[in-house]
There are 2 protein chains.
Amino acid sequence: MPVTMREVAQRAGVSVKTVSNVVNGYPYIREATRSRVIEAIDALGYQMNISARSLRASRTGIIALAVPELRMPYFAELSEAVIRIARENDLTVLIEQTGAERERELALLSSARGHLVDGVIFSPLALGADDADRLNVPFPMVLLGERIFRGPVDHVSIDNVAASREVVRHLISNGRRRIALIGMISHEGVGTAALRFQGYLEALAEAGLAPSPELVLPAGPWNRSAGAEATNRLLDSGVEFDAVFGLNDTLALGALRALLSRGIRVPNDVAVAGFDDIEETRFSTPTLTTVDPGRDQIARTAVELLVSRMKGQNDEVRPREIFADYALHPRQSTGEPLTG
Amino acid sequence: MPVTMREVAQRAGVSVKTVSNVVNGYPYIREATRSRVIEAIDALGYQMNISARSLRASRTGIIALAVPELRMPYFAELSEAVIRIARENDLTVLIEQTGAERERELALLSSARGHLVDGVIFSPLALGADDADRLNVPFPMVLLGERIFRGPVDHVSIDNVAASREVVRHLISNGRRRIALIGMISHEGVGTAALRFQGYLEALAEAGLAPSPELVLPAGPWNRSAGAEATNRLLDSGVEFDAVFGLNDTLALGALRALLSRGIRVPNDVAVAGFDDIEETRFSTPTLTTVDPGRDQIARTAVELLVSRMKGQNDEVRPREIFADYALHPRQSTGEPLTG
DNA sequence: TTGTAAGCGTTATCAT
DNA sequence: ATGATAACGCTTACAA
């Protein structure tokens, strides 16, 4: 039922190969021929059969984006950017949700979706430095995030230590001295939490402040609920504090909610800051101070690195480590005047 | 480089067809043969070439989900559900963002991604009733949302009039009399806004309350920013009101923010309610009263309808109109005690 | 229960 | 500048 190249060729009075040439932008075609072919294509409503092309050319024009969960605002926003930028590169994006489960992240690496995708942008949450070797996969891949550094593939991330340090410096410059940190994952020496924690420690040290273990709160999944719970634990413990740094925005928003619902004023009594600059931070009450990790730049860099690997031009180039630019956005929750 | 069926067959000492049979679960195979084949598959790390299968069998195992924007929390959460449920049905999901642009929504209908997808779940935002005919596409499709009813394809939605009526009834039962509505799109007689507006009018009528045109506020894109702006306009107009109904949650959250930042207490001075039950509504301050439109049920129904059409068993069945169950969730923003 | 042969729609090679 | 022909890896008759 669908129209094939053969039919287009017949109607245009040319061979299949010529149609193929026209479709693929092969330059050496007489203008007359080209327009006859294009007419036939339009008239018949021809649509290239991607499966056939893929089988023959062994590329599909599809890339996979593997993220933990689309419900996490950061990953929804990241996915939006990757899809948009992939489109600019004539690529279609297939999203895999790993649920942050180790098994599913590993499965992703060994399957590669049966030759279906030309490359993968992978944002792991369960795999860690020990698994770096497993990233030696037989297809182009770009790694995101802070779980694995110096692995065998191109990697895009930001300088989490520096970014986190800036947040805490900002809190300190606002007069805060007892800064709680929410979202610690203590059994991990690496990863996002560890890096942001290090930035926190460095900023405290710079200011001559001693870190207090009771101000460092673990929080399970990094969502609003865990942020609220941790904050309530902190409040119940009776420990004094004048600021909360949520290791991501949803934790911070949960903290905000817990504080306000116990009658604590933000930023007057306690300042709150987060990390990620998700859209919601500009619309919470008060608006949330946070760090923009340069989502668009990350997405664009990742797609471009992947494309260059897919083209196979850089086979000799060693894995690249790219750091995107971050930017602190002071907002109401830390006592700044209203801003965008 | 990749392993083919041929190689598996050679190693197992059988024909390609037998390997194919094993892979596809064809029942009449001797156990000995089957296990030899499976061994070979494991040993060689064989991965089916999906392009080849698709070309031959003309199905890919991929469905497309077309949504306006992944950054809109409702659609992020819907996509998460569709991907998860599609997985249960051995389907992979490819997400198309239409940007709510008419051109791109139309393009989607005429391309169908070049035979790449076996079916499409389409949530339009720009197309309307007049475009119903265009849904007569040569591939299985399931329609979501409130833009087009009684079109030529299966359709999943909820009873928006009834759901909206319940929200407003709830506000009235809490003693509210001057209920503002934010998010009206006045030039449209159909679609989500029109239906929810009708529910609003019906609930007012039931209670013997006269609708006031100055309480009905248009809002452009349904996001936080538009919700906040509209609320500020309302406040500046000097019109009295004791409740705000945002036609979706992000509008309501924007309203909440505008109210609180002008020192208006919620729910004491003004009650606020939204629509969609996005995760954030459970973590705002105060938590937001809203309607759960049954996202999981919508996703599941959509996938199941699509699968049944893809199997071609229901070719004779007329387009089905399915309504998912909604549920009102009263929370703090309308004066209820704290709930989940 | 398993094998043989044909062909899905495209692109690559090699002519012309 | 264009055409003929052979793959690509799999499934589907049909045979055996």
Side-chain angles (χ1 to χ4, degrees), chain A residues 1-38 40-41 44-62 90 112-118 138 312, chain B residues 1-38 40-41 44-62 111-118 138-139 311-312:
Chain A
M1 201 59 171
V3 184
T4 70
M5 261 192 187
R6 178 189 209 82
E7 302 171 65
V8 174
Q10 268 163 8
R11 169 151 184 153
V14 298
S15 78
V16 213
K17 177 60 185 153
T18 302
V19 177
S20 172
N21 282 339
V22 169
V23 170
N24 291 293
Y26 180 73
Y28 307 111
I29 305 177
R30 257 185 310 170
E31 202 36 63
T33 315
R34 184 199 306 283
S35 51
R36 272 217 317 287
V37 170
I38 293 191
I41 287 177
L44 295 149
Y46 167 73
Q47 283 282 127
M48 161 85 77
N49 182 322
I50 307 265
S51 299
R53 159 189 282 185
S54 315
L55 176 57
R56 187 58 239 226
S58 53
R59 44 169 279 301
T60 57
I62 308 179
D90 291 317
R113 279 277 149 213
H115 318 175
L116 183 68
V117 299
D118 296 338
Chain B
M1 200 60 169
V3 184
T4 70
M5 258 190 190
R6 178 190 210 80
E7 301 171 66
V8 174
Q10 267 163 10
R11 170 153 185 151
V14 298
S15 77
V16 197
K17 173 61 187 155
T18 302
V19 178
S20 172
N21 282 339
V22 170
V23 170
N24 292 293
Y26 181 72
Y28 306 111
I29 306 178
R30 252 184 313 168
E31 203 36 63
T33 315
R34 185 201 307 282
S35 51
R36 273 218 315 290
V37 170
I38 292 190
I41 287 177
L44 278 67
Y46 168 72
Q47 283 282 127
M48 162 83 78
N49 182 323
I50 305 265
S51 299
R53 157 190 281 183
S54 316
L55 177 56
R56 187 57 236 232
S58 52
R59 43 166 290 277
T60 57
I62 308 179
S111 84
R113 278 277 150 216
H115 319 175
L116 181 68
V117 299
D118 296 339
F139 47 84
K311 284 186 181 152

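We name chains A, B, ... by the order of the sequence lines, and we start the count at 1 in each one.
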Starting from [atom2] on [N], measure out to [atom1] on [X] and report it in whole angstrom.
X: Ile50(B); N: dC8(D); atom1: CD1; atom2: P; result: 19 Å
X: Arg59(A); N: dG9(D); atom1: CZ; atom2: P; result: 17 Å
X: Asn21(B); N: dT1(C); atom1: CG; atom2: P; result: 11 Å
X: Arg36(B); N: dT1(C); atom1: CZ; atom2: P; result: 15 Å

Under the 3.5 angstrom rule, does the side chain of [X] hit a backbone N or O of [Y] as a donor-acceptor pair?
X: Ser54(A); Y: Ile50(A); answer: yes
X: Asp118(B); Y: Thr60(B); answer: yes
X: Ser35(B); Y: Glu31(B); answer: yes

Open item on the list: From C-beta outward on Thr33(B), which listed nucleotide comes closest to its side chain: dG3(C), dT11(D), dT1(C)?
Closed with: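 Selected nucleotide: dT1(C).
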Task: Minimum-distance nucleotide to Lys17(A) side chain [options: dC10(D), dT2(C), dA12(C)] - done: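 Comparing dC10(D), dT2(C), dA12(C) against the side chain of Lys17(A), the answer is dA12(C).
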Open item on the list: When the axes are fitted on five pairs at both termini, how much does the helix from dT1(C)-dA16(D) to dT16(C)-dA1(D) curve, in 10° steps?
Closed with: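 Inter-axis angle at the ends, rounded: 30°.
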Open item on the list: Does Leu55(A) reach a base, just sugar-phosphate, or nothing at all? Heavy atoms under 4.0 Å.
Closed with: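 Result for Leu55(A) = base.
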TODO: Spell out yes or no: do the side chain of Arg56(A) and the base of dA12(C) have one donor N/O and one acceptor N/O closer than 3.5 Å?
DONE: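 Check fails, no donor-acceptor contact within cut-off.
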- [ ] Could you check Val22(A), Ile29(A), Asn24(A) and say which one makes a side chain to side chain contact (heavy atoms under 4.5 Å, CB included) with Tyr26(A)?
- [x]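 Among Val22(A), Ile29(A), Asn24(A), the one that satisfies the side chain to side chain contact (heavy atoms under 4.5 Å, CB included) with Tyr26(A) is Ile29(A).
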